[in-house]
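One-based numbering, in listed order, for ligands and for the atoms of each.
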Amino acid sequence: MATSDADDVLDALAAAALEVRAGFAGRREKTDGQNASGDQQLHADLHADDVLQNFLGGLDAVGEYASEEAETVQDVGDGPLSVSVDPLDGSSNLTANNPTGTIVGVYDAPLPAPGTDLVAAAYVLYGPLTTMVVARDGDVTRYAVTEAGRENPECVDLPSDPTVYGFGGRTPEWPESFADYADDVEDDLKLRYGGAMVADVNQVLTYGGVFAYPGLRERPEGKLRAQFEAAPMAYIVECAGGASTDGSHSVLEIEPGDLHARTPVFLGNDELIQQAERALA
Ligand code: F6P
Ligand code: MN
């Protein structure tokens, strides 16, 4: 793999993001379809997937394109890299005009693959501004995405003094061990939860704290997908100086036997992740 290969993917993601965002208007309605995980798809989910497959899958550097919206990995050429894509994370937020995102993992291995095979990861946040956060070579950088590409780079370091938390799942569905942990966290931190992983993790990266989507009573595997959501976001948080766990190990160590496998996810400041591991042990 040439070092520029992953940069080609990241540049293409910035270009694709503008088209994804431009496609929201008029695509906020549900289709009749569901994705491989059983989520109801919006027209915007399908449009985002088409755009990203064209931009990323079309690169010489990319050999495999895997999308949360598609059942199987697509063979798109002979390139050395594989990309995992959650084309429109939190897309149900479009209904209320709240933030959504795109999550991309760049691997130098065939998919499915664990986060230890990531060579870069990035998310785009479609908020009041379109921003892109990239983890590469152990550093995390936030960019403004404009017609000119990735602009105004800023280094992202997880603040050492945590401020916010956001936990998914309905509280009656939380196992007691997690409910106890949440009680403790609530004593010190301020709730910030919007229902799009990208936006909620972005708040943790900005202010410090913890994001979690735990295993639930009736669904111990939780909701978030290891390949498409958990591993790339854990890679970004760990590169920014934070930690991740699925309850006992770094999320990067999860081997997603199935492309669409789910996992509990905890991301944030190291002490809060260690506290979660102790609470869930
Ligand atoms: O992609 C799944 C997702 O939309 C994530 O972005 C988000 O973290 C989670 O689901 C929200 O789920 P819930 O509505 O159960 O809080
Ligand atoms: Mn998602």
- Task: Would you kindly say whether D49 and Y65 are connected by a side-chain donor-acceptor distance under 3.5 Å?
- Result: yes
Review point. Are R136 and D7 side-chain neighbours, meaning at least one heavy-atom pair lies under 4.5 Å?
Key: yes
Atoms of ligand 1 under 4.0 Å from any heavy atom of D89, numbered from 1 in the order shown, are 1 (O), 5 (C), 6 (O)
Among the N/O/S atoms of D89, the Mn ion (ligand 2) lies closest to OD1
Close side-chain approach of T206 and R142, heavy atoms under 4.5 Å
yes
Note: K223, heavy atoms under 4.0 Å from ligand 1, region reported as side chain
For OE2 in E229 and OD2 in D86, the angle at the Mn ion (ligand 2) (nearest 10°) is 100°
Within the 4.0 Å heavy-atom cut-off, what R225 brings close to ligand 1 is side chain
- Message: Using only atom types and a distance under 3.5 Å, with no angle test, would you say the side chain of Q40 pairs donor to acceptor with the backbone of D32?
- Response: no
Near Y193 (heavy-atom distance under 4.0 Å), the atoms of ligand 1 are 11 (C), 12 (O), 13 (P), 16 (O)
Note: ligand 1 atoms sitting under 4.0 Å from heavy atoms of G195 are 4 (O), 6 (O), 7 (C), 11 (C)
Y213 heavy atoms within 4.0 Å reach ligand 1 at atoms 12 (O), 13 (P), 15 (O), 16 (O)
message = Check whether R217 reaches the backbone of W174 with its side chain - one donor and one acceptor, N or O, closer than 3.5 Å.
response = yes
Note: ligand 1 atoms sitting under 4.0 Å from heavy atoms of A196 are 6 (O)
Which of T102, T131, T100 passes side chain to side chain donor-acceptor pair (under 3.5 Å) with Y126? Answer is T102
Test your reading of the structure: does D200 have an N or O sitting under 3.5 Å from an N or O of ligand 1? no
Sorted by chain and residue number, the side-chain hydrogen bond (donor to acceptor under 3.5 Å, both in side chains) partners of T146 (sequence neighbours excluded) come out as E151
Which pairs would a plain distance check flag for residues 175-192, meaning a side-chain donor or acceptor within less than 3.5 Å of a matching protein atom at least two apart in sequence or in another chain?
from : atom 1 : to   : atom 2 : distance (Å)
Y181 : OH     : L272 : O      : 2.8

query: Would you say M197 and ligand 1 have an N/O pair spaced under 3.5 Å apart?
result: yes
Nearest non-hydrogen protein atom to atom 1 (O) of ligand 1, with distance, is E229 OE2, 2.6 Å
Judged by heavy atoms only, the candidate from P99, S92, G90 nearest atom 4 (O) of ligand 1 is G90
ask   = Judging by distance only, is a nitrogen or oxygen of D86 under 3.5 angstrom from one on ligand 1?
value = no
Please confirm whether the ring centroid of H47 lies under 6.0 Å from the ring centroid of F24.
no
